[in-house]
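Beneath this line is the structure, given in structure tokens, with notes to follow.
All values derive from a computational prediction rather than experimental measurement.
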Amino acid sequence: MSKTGQGLPNHEMEIFIGNLLRTGVILAAATVFLGGMIYLVCHGFTTADYRVFQHEPSYLCSIRGIIGNAFSFHGRGLIQLGLLLLIATPITRVALSIYIFARKRDTLYVIITLIVFSILMYSLLGR
């Protein structure tokens, strides 16, 4: 088995990244499904009023609020948490790529991946 650079061989890294993405998507889907079931149990028989647009409540517009609401087992909070997990999965993959390229001592790809990671974080957190 040939190794590239230091650390894990390429095939093992691909398997690890694949498992990371698969686990993230399954965890996100399960969280959204659980939140949807709780929401339907609590609000399934209420009639929706579409005449007036009501945006998300302020407590579901911040990460802290979403996590607090989800751990209280509120349906909307769990759905939002699942969507956050779905967004976080590829971001984690980019962060892991920085580590892998650094272990391989591939400076060019470390810099490129850091730029991509910075753009992702700025677009998500920056205002």
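Counting only heavy atoms from C-beta outward, the side chains of V32 and L78 never approach each other to under 4.5 Å. Side chains of Q80 and N69 form no contact here, defined as non-hydrogen atoms less than 4.5 Å apart.
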Using side-chain contact (heavy atoms from CB on, under 4.5 Å), reason through V110 and L114 one step at a time and then give a plain yes or no. CA-CA 6 Å; V110 168; L114 276 171; 3.9 Å; yes

Could you go through the side-chain contact (heavy atoms from CB on, under 4.5 Å) check for K104 and M13 one step at a time? CA-CA 12 Å; K104 287 180 163 184; M13 287 187 290; 3.4 Å; yes

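Counting non-hydrogen atoms of neighbouring residues, nucleotides and ligands closer than 6.0 angstrom, the NE2 atom of H43 exceeds 12 such neighbours. Counting non-hydrogen atoms of other residues, nucleotides and ligands closer than 6.0 Å to CD1 of I63 gives a total of 12 or fewer.
Distance check: I17 CD1 to T92 OG1 gives 11.5 Å after rounding to the nearest 0.5 Å. For the atom pair OG1 of T31 and CG of L86, the computed distance is 10.0 Å after rounding to the nearest 0.5 Å. The distance from the CD1 atom of I111 to the CD1 atom of I98 is 11.5 Å, given to the nearest 0.5 Å. Taken from CD1 in I15 to CZ in R22, the straight-line distance is 9.5 Å, to the nearest 0.5 Å. Rounding to the nearest 0.5 Å gives a distance of 7.0 Å between OG1 of T89 and CG of L20.
Criterion: ILVMFWY side-chain heavy atoms under 4.5 Å apart, direct or through other members. Under it, I26 and I91 are not part of a common hydrophobic cluster. Using a 4.5 Å cut-off between side-chain heavy atoms of Ile, Leu, Val, Met, Phe, Trp and Tyr, with links allowed through other members, V94 and F101 fall into the same hydrophobic cluster. The hydrophobic cluster containing F71 also contains Y59, counting ILVMFWY residues as joined when their side-chain heavy atoms lie under 4.5 angstrom apart, directly or transitively. I79 and L27 are assigned to two separate hydrophobic clusters, defined by single-linkage of ILVMFWY side chains at heavy-atom distances under 4.5 Å. Side-chain heavy atoms closer than 4.5 Å link hydrophobic residues (I, L, V, M, F, W, Y) into clusters, and following such links, possibly through other members, connects Y109 to L120.
The side-chain contact (heavy atoms from CB on, under 4.5 Å) with S97 is formed by just one residue from the set T113, V116, I112; it is T113.
Pairing each heavy atom of A70 with each of L81, the nearest pair is CB-CD2, 3.7 Å.
Judged by distance alone, with hydrogens and angles left aside, the side-chain atoms of S62 form no donor-acceptor pair with the main-chain N or O of S58 at under 3.5 Å.
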